Amino acid sequence: MCGIVGYIGDEQAAPILLNGLTKLEYRGYDSAGVAVYDGAEIRMEKVSGRLARLKELTDGGLTLPGTIGIGHTRWATHGSPSDTNAHPHFNSDRSIIVVHNGIIENYSALKQDLIRRGYEFVSETDTEVLAHLLDRYYRKYKSPLEALTRVMQKVEGSYALGILFKDFPGQIFSARKDSPLIVGQSPEGNFIASDVPAILQYTRDVFYMNNEEIAVLSRNEIKFYNVDEELLEKTAVRIDWDINAAEKGGYEHFFLKEVYEQPKAIRDTISPRIHENEIVIEELGMTDEEICRVGKIMIVACGSAYHTGVMAKYIFEGLARVPVEVDLASEYRYRDPIFDRNTLVIIVSQSGETADSLAALRESGANGQKVLGIVNVVGSSIAREADNVMYTWAGPEISVATTKAYSAQLAAFYLLALKFGLARGAMSRDSYQALLDDLKRLPEQMEAILKDRQQIQRFANRYLAADHIFFIGRGIDYAISLEGSLKLKEISYIHSEAYAAGELKHGTISLIEEGTLVVAISTQESLYPKTVSNIEEVKTRGAFVMALTSEDNRDIEKVSDFTVYIPKTNRYFAGSLAILPLQLFAYYVSLGRGLDVDKPRNLAKSVTVE
Ligand code: G6P
């Protein structure tokens, strides 16, 4: 993971770099550093811990003169998050300096070779290899561009790089392979960054870098090359995001703000695709005949995006009668999946940069599969490499633990399942119409749930010291349990597990003791009596039960200790309502425990390493 930025222009670079890094902290936040060149000396400051420490140390960047610089916020892969391992990394005579996002997979062999040649290493990172390797080739070929292309040919793995050469005070060198990188252009200066929000305040004109491309930035010019040093023509894209969308807007945390943005995220995802009561998904790129020919859907993703896939399986199979397989991208890519021409592969990703999901996409493409991406970040790698991309219009999501992107992904699946259901004759037009009406009502129902968050806060405050919390449910309620449990453990650090309610008795029930909190989700009418029986089973063994059910199931109070009601909707969409109290519960437990809700320990938002 990690985030990189670079700036060359008229202004003092360090405050701009620090500002950019603030927007990239979601990519990693265990250490940070900047290097600034004033034409005489390259000055570097780096420190373990949060970016705030680096800001303090440099008085917001003011202590570092110079109008050219690079910066980095780290999520450690090789070497602990120490001051020394923080980026940037110098070569030995401090004439070349590098920031890097990615992993150099053959760094160990390269390092041994460089040590044999007399190079001395100070850090444990894979990145330092790049600084010394650049040094080696620069000494040999005397050209920074040549040195960079030689390094690119030598290293295996992924990288987005920002590099300064002391001999070239007016230039930033940059390259990418399998880690995101954009280049920004403005009359006042030029930029590199791992992601758009880092530079949005300064420019909206952005070039997306492709794999194995190089950018050389000077004050008034940006040149692009391939690894053969041939000049490339690239066109800038104009970013039209609302800049406020990446700010907290009065909320204490991005997490809470994004929870409250979910009704809008769903509206924005479904509304443009409903025309006169008909779902139109042009970007799907499939005719109804092609939809009918689909023999199987394979959904591949990581984390919460994977959980939307688990939910989508119930929905597609129920509404469109098409078999669905769901797999974790990190498993799928190495399990030699069986491909056939009638399988539609769907890769789901908020960031569009998750390394395992991207690899799964490439694996599918190489085997001739048609791939649909459900992606939130416009122009991201998965969006660009999928055959077709259906965007979730959740807007920029900053909090590391996802909420609104998850909800928008579910909405995308609802649209697809309804479209498939009608096209394949699995549902009548009347049912389609009724479901579409329910879908359109969802944002309003979500707003109603979000109006009252105090009761959840009060309840959450009783569980700040819990050691274990269990989530149970059946069918779609099981899919929601998975996400509710993940949210809780991500941001509260309380151990929590989700179980299919009927499976509890096959082992997990032995963990239930006096006072264990069990969150029981029961929104599926046909499964309601079954889940109630499972609640009784845990209650008998001392569990304290929080039930989450539809508002007409008041009799659940006979078996539950605390109940949260959600409005009635179609059973297929109930998950979108049930997840809201669970997100709020996780939020208030995290808040009550005094944790960093938006940036939980050890995690990162965009996981661009395997
Ligand atoms: C990380 C994030 C999760 C996210 C997962 C997949 O682990 O912390 O919130 O669900 O990556 O990310 P993606 O960007 O592919 O949806």
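Note that ligands are numbered from 1 as they come in the structure, with each ligand's atoms numbered from 1 the same way. Owing to the predicted nature of the structure, the values given are computational and were not obtained by experimental measurement.
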Heavy-atom pairs closer than 4.0 Å: do any link ligand 1 to the side chain of Ala604, the backbone, both, or neither? backbone
Shortest reach to atom 5 (C) of ligand 1 by a heavy atom, considering only Ala405, Ala301, Cys302: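 The nearest heavy atom belongs to Cys302.
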Proximal candidate to atom 11 (O) of ligand 1 [heavy atom criterion; set Glu353, His307, Lys605]: Lys605
Distance filter under 4.0 Å to Ser349 heavy atoms, resulting ligand 1 atoms: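 Ligand 1 atoms under the 4.0 Å threshold to Ser349: 13 (P), 14 (O), 15 (O), 16 (O).
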Aromatic rings Phe413 and Phe316: how do their planes relate, parallel, tilted or perpendicular, breaks at 30° and 60°?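 Ring orientation, 0 to 90° scale: perpendicular.
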Check step by step if side chain to side chain contact (heavy atoms under 4.5 Å, CB included) holds for Ile274 and Lys440. CA-CA 9 Å; Ile274 301 177; Lys440 286 194 257 180; 4.0 Å; yes
Please determine whether a side-chain nitrogen of the Lys or Arg among [X] and [Y] lies less than 4.0 Å from a carboxylate oxygen of the Asp or Glu.
X      : Y      : answer
Asp598 : Lys257 : no
Glu282 : Arg273 : no
Arg601 : Asp30  : no
Arg333 : Asp356 : yes

Checking the N or O distance criterion of under 3.5 Å, is ligand 1 in contact with [X]?
X      : result
Ser351 : yes
Thr354 : yes
Gln350 : yes

Under 4.0 Å, counting heavy atoms only: does Val400 come that close to any atom of ligand 1?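 Contact check Val400 vs ligand 1: positive.
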